[in-house]
Amino acid sequence: MGRFYITTPIYYVNDAPHVGHAYSTVNADAMARWHRLVGDDVKFLTGTDEHGQKVADAAEKNGLTPQEWTDRTSARFREAWDALGISYDDFIRTTEPRHYESVQKFLTAIYENGYIYKDVYKGLYCVSCEDYYTVEASIDGNCPIHGRPLTEMEEENWFFRLSAFEDKLLEYYDRHPGFVTPETKRNEAYSFIKGGLRDISITRSSISWGVPVPWDEKHVFYVWYDALINYMTAIGYGRADNEVEDWWPFSHHLIGKEIIRFHCVWWPAMCMAAGLEPPSHVQVHGWLLVGGQKLSKTMAQEGGVKLTDIAPVVLTNEFGVDPIRYYLLREAVLGNDGEFSHEGITARYNTDLANNLGNLVARVATVVGSKCSGLGPTPRADSSLRVEAETAIRDTAAAWDRFAPQSALEATWGLIGATNSYLERLAPWKMEPGPEVDAVMGDALEAIRLVTILATPAMPGVCDEIWHRIGLSGSPIDHSFQQIAIWGLYPGGSVEKGDPLFPRIKSES
RNA sequence: GGCGGCGUAGCUCAGGUGGUCAGAGCACACGGCUCAUAAUCGUGUUGUCGCGGGUUCGAGUCCCGCCGCCGCUACCA
């Protein structure tokens with residue numbers, strides 16, 4: 001039994017939850033469910049990032065205090081995750097007292113270790129943005145957003161000695177080949193480090209909506225710097241309820257590719273500076289893109305639109321929770337960009353879910369009803385399906401273990417296909433009731449039982465439902481994978497037909 | 001500009017270290033079946049593997065050039 005601490009990024013509350021967030025979160029959820037299934041001690045963390053000037057501004061615009069504003073916006077994420085069946089163990093908000101406490105302890109440790117110093121930050125400042133730009137980012141010295149002249153500004157700030165960790169980080173990467181996956185993203189981070197690291201300013205004195213610097217109350221920590229520490233807050237760093245040793249460094253950060261630098265450069269360096277091991281693994285995923293004018297006319301302008309306008313709730317209302325989860329996990333390879341489209345969801349739904357899985361369950365239930373009096377028989381130990389099942393079990397498990405949900409589901413669906421084929425070959429519906437039919441249907445039911453176990457990290461709701469329909473009590477997750485993902489354990493039971501699990505979606509064109 | 005990646009069947013994509021590597025799924029065609037959600041099963045078609053050279057007995061697979069697309073290039077969550 002191992003330990004598995006998995007995190008999503010904490011989402012910035014000024015965004016409304018969209019499919020991009022859901023993509024990260026559903027993948028993390030499936031991984032968490034998989035590891036619970038195999039008996040690991042799991043902690044699954046998600047949450048919201050609530051500091052920074054933009055939040056303060058948004059609050060003011062809405063006539064609320066920052067805290068009131070974030071109370072409201074953070075709740076939207078919880079609602080979205082509840083709707084998607086996200087089984088998080090902890091939902092962190094960076095405005096919580098526990099976070100302030102941990103951040104201050106963590107940064108004090110870095111400070112006392114000599115990696116934080118005071119200096120003057122000089123930069124080109126845009127008054128409208130209230131933000132700094134580099135020379136390269138500016139357009140002829142003007143703000144790229146407002147087009148107004150940038151002014152040279154100086155601000156006294158606390159700096160993190162990131163430059164001190166160049167060699168240590170490279171060494172860590174060299175010694176931990178799997179630190180960042182997939183490898184292309186690892187290389188990106190690696191070459192960034194190799195290109196030389198500059199110290200970063202980590203505090204602001206111009207704003208107040210943040211965690212105060214304990215040794216200099218005029219400053220608050222810059223949002224990203226406090227945000228990353230949420231991974232420590234959730235395991236009680238520096239507090240009475242400290243369980244860092246239980247969960248660190250058995251950590252897996254699932255992140256989108258846009259925040260690689262923070263998680264693959266800053267964060268491990270911060271951990272080192274605080275005297276901790278860096279996280280053990282950062283899994284980077286790509287983006288889902290909308291290539292054509294599939295989802296809405298307003299998105300048709302340009303190809304490759306990011307999915308910022310698509311609310312998870314809209315999708316779950318239309319297709320159901322499990323189908324959306326399935327689609328998000330199955331369609332794209334984790335780490336690559338993928339296509340997201342209404343047609344894509346419909347195609348997956350109809351072929352994989354309705355035609356393959358749903359129909360298999362339905363046809364088996366019908367034949368058991370007519371040929372076995374509705375009583376599911378037990379499987380044969382020497383069934384030819386057994387080989388297919390064992391292959392699926394092995395491949396599915398291996399894929400989940402290496403953060404490859406797409407591959408895991410593909411392997412599981414191999415067993416569904418094999419079972420449909422098996423039924424076709426033996427045609428039990430042509431047989432007279434008796435031992436022969438019983439044997440075939442017992443095998444099919446056993447395959448279905450195994451499928452519900454293998455697919456439960458992706459579609460917990462539907463898997464529970466199938467589990468019940470084949471006469472089993474409880475849920476696939478009631479026992480450890482190692483004990484139940486074995487051919488031959490289906491004890492028989494009363495099989496219920498029920499309504500179609502996934503009614504086909506008729507094309508509307 | 002620098003570094004890196006991509007371009008393989010109509011579609012989405014697999015293809016460590018060169019020799020059944022020309023593949024999978026979807027779509028499509030034909031045939032079977034009729035238990036099942038007009039579902040399912042079997043068989044099959046489709047490709048100059050971006051373009052042009054080169055190395056090699058042999059190259060999607062290595063090298064050079066070109067075309068097209070994309071990512072990163074520091075304080076934006």
Side-chain angles (χ1 to χ4, degrees), chain A residues 9-15 48-55 94 121 123 129 131-134 136-137 144-145 157 159-160 162 183-185 187-202 204 222-225 227-228 256-262 265-266 286-287 289 291 303-304 330-333 336-339 341 343-344 347-348 350-371 406-407 410 413-414 416-417 419-431 437 440-441 444 497 499-506:
Chain A
I10 49 174
Y11 304 113
Y12 203 58
V13 287
N14 270 14
D15 266 351
T48 46
D49 183 10
E50 310 186 357
H51 287 129
Q53 189 61 44
K54 290 183 181 178
V55 173
T94 57
Y121 180 78
C129 299
D131 208 356
Y132 288 94
Y133 289 93
T134 58
E136 300 84 58
I145 295 172
N157 277 329
F159 279 72
F160 173 57
L162 183 62
E183 201 179 350
T184 55
K185 304 302 182 193
N187 294 342
E188 202 173 284
Y190 191 84
S191 60
F192 179 84
I193 298 166
K194 220 166 181 179
L197 297 176
R198 301 206 291 266
D199 293 347
I200 50 177
S201 84
I202 60 168
R204 296 291 127 97
Y222 170 60
V223 272
W224 255 114
Y225 216 73
L228 286 164
K257 64 180 183 179
E258 73 280 9
I259 52 178
I260 287 176
R261 191 179 322 127
F262 302 107
V265 183
W266 291 17
W287 291 341
L289 303 171
R330 176 66 181 79
E331 190 68 6
V333 172
N336 297 345
D337 288 351
E339 285 290 324
S341 72
E343 286 83 351
R348 282 286 169 208
N350 278 340
T351 59
D352 294 0
L353 299 182
N355 295 353
N356 294 346
L357 175 56
N359 184 55
L360 172 64
V361 173
R363 70 196 300 204
V364 166
T366 299
V367 177
V368 170
S370 63
K371 303 286 183 180
Q406 188 243 21
S407 180
E410 198 175 5
W413 256 250
I416 294 171
T419 307
N420 272 322
S421 176
Y422 178 79
L423 290 173
E424 208 67 41
R425 199 164 66 246
L426 297 178
W429 45 87
K430 289 180 179 172
M431 300 171 178
V437 184
V440 175
M441 298 322 290
K497 173 81 192 268
D499 294 329
L501 294 165
F502 306 101
R504 272 182 70 83
I505 300 169
K506 312 290 184 195

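Chain letters run A, B, ... following the sequence lines, proteins first, then strands; residues in each count from 1. Hydrogens, waters and symmetry mates are skipped; everything else that's a heavy atom, side chains included, is used. Everything numeric in this text was worked out from a predicted model, so none of it was measured.
- With sequence neighbours excluded, the residues forming a side-chain hydrogen bond (donor to acceptor under 3.5 Å, both in side chains) with K257(A) are D337(A), listed by chain and number.
- Residue K497(A) places at least one side-chain N or O closer than 4.0 Å to OP1 or OP2 of U37(B).
- The same atom, P, is picked in U17(B) and in C63(B); the two are 10 Å apart, to the nearest Å.
- Taking side-chain N and O atoms only, T184(A) has no distance below 4.0 Å to OP1 or OP2 of G4(B).
- Contact of S201(A) with C75(B) (side chain to base): a donor-acceptor pair of N or O atoms is detected under 3.5 Å.
- Consecutive Watson-Crick or G-U pairs involving RNA chain B, each under 3.5 Å on both distances, make up stems of three or more pairs at B:1-7 with B:67-73, B:10-13 with B:23-26, B:28-32 with B:40-44, B:50-54 with B:62-66.
- Proximity of E50(A) to V223(A): side-chain heavy atoms (C-beta onward) are nowhere separated by under 4.5 Å.
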Distance-only check: which donor-acceptor pairs under 3.5 Å involve side-chain atoms of residues 188-197 of chain A, not counting sequence neighbours?
residue	atom	partner	partner atom	Å
Y190(A)	OH	D174(A)	OD1	3.1
S191(A)	OG	N187(A)	O	3.0
S191(A)	OG	E188(A)	O	3.1

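- Here the side chain of W429(A) is nearest to one of U37(B), C72(B), U34(B), namely U34(B).
- You won't find any donor-acceptor pair under 3.5 Å spanning the side chain of N359(A) and the base of A39(B), going by distance alone.
- Map V364(A) and R504(A) each onto its nearest nucleotide of RNA chain B; the residue landing nearer the 5' end is V364(A).
- Residues P503(A) and V333(A) each lie close to RNA chain B; by heavy-atom proximity, the contact nearer the 5' end of the strand is made by V333(A).
- Legend: residues meeting ring-ring contact (aromatic ring centres under 6.0 Å, His included) with Y225(A), ordered by chain and number and at least two apart, are F160(A).
- A donor-acceptor contact under 3.5 Å is formed by the side chain of E424(A) with the base of G32(B).
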Counting only pairs under 3.5 Å, give me each side-chain donor-acceptor contact of residues 356-364 of chain A, with atom names and distances, residues two or more places apart or in other chains.
residue	atom	partner	partner atom	Å
N356(A)	ND2	T351(A)	O	3.4
R363(A)	NH1	N420(A)	OD1	2.8
R363(A)	NH2	E424(A)	OE1	3.0

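- Scanning for side-chain hydrogen bond (donor to acceptor under 3.5 Å, both in side chains) contacts around K430(A) gives an empty result, with sequence neighbours left out.
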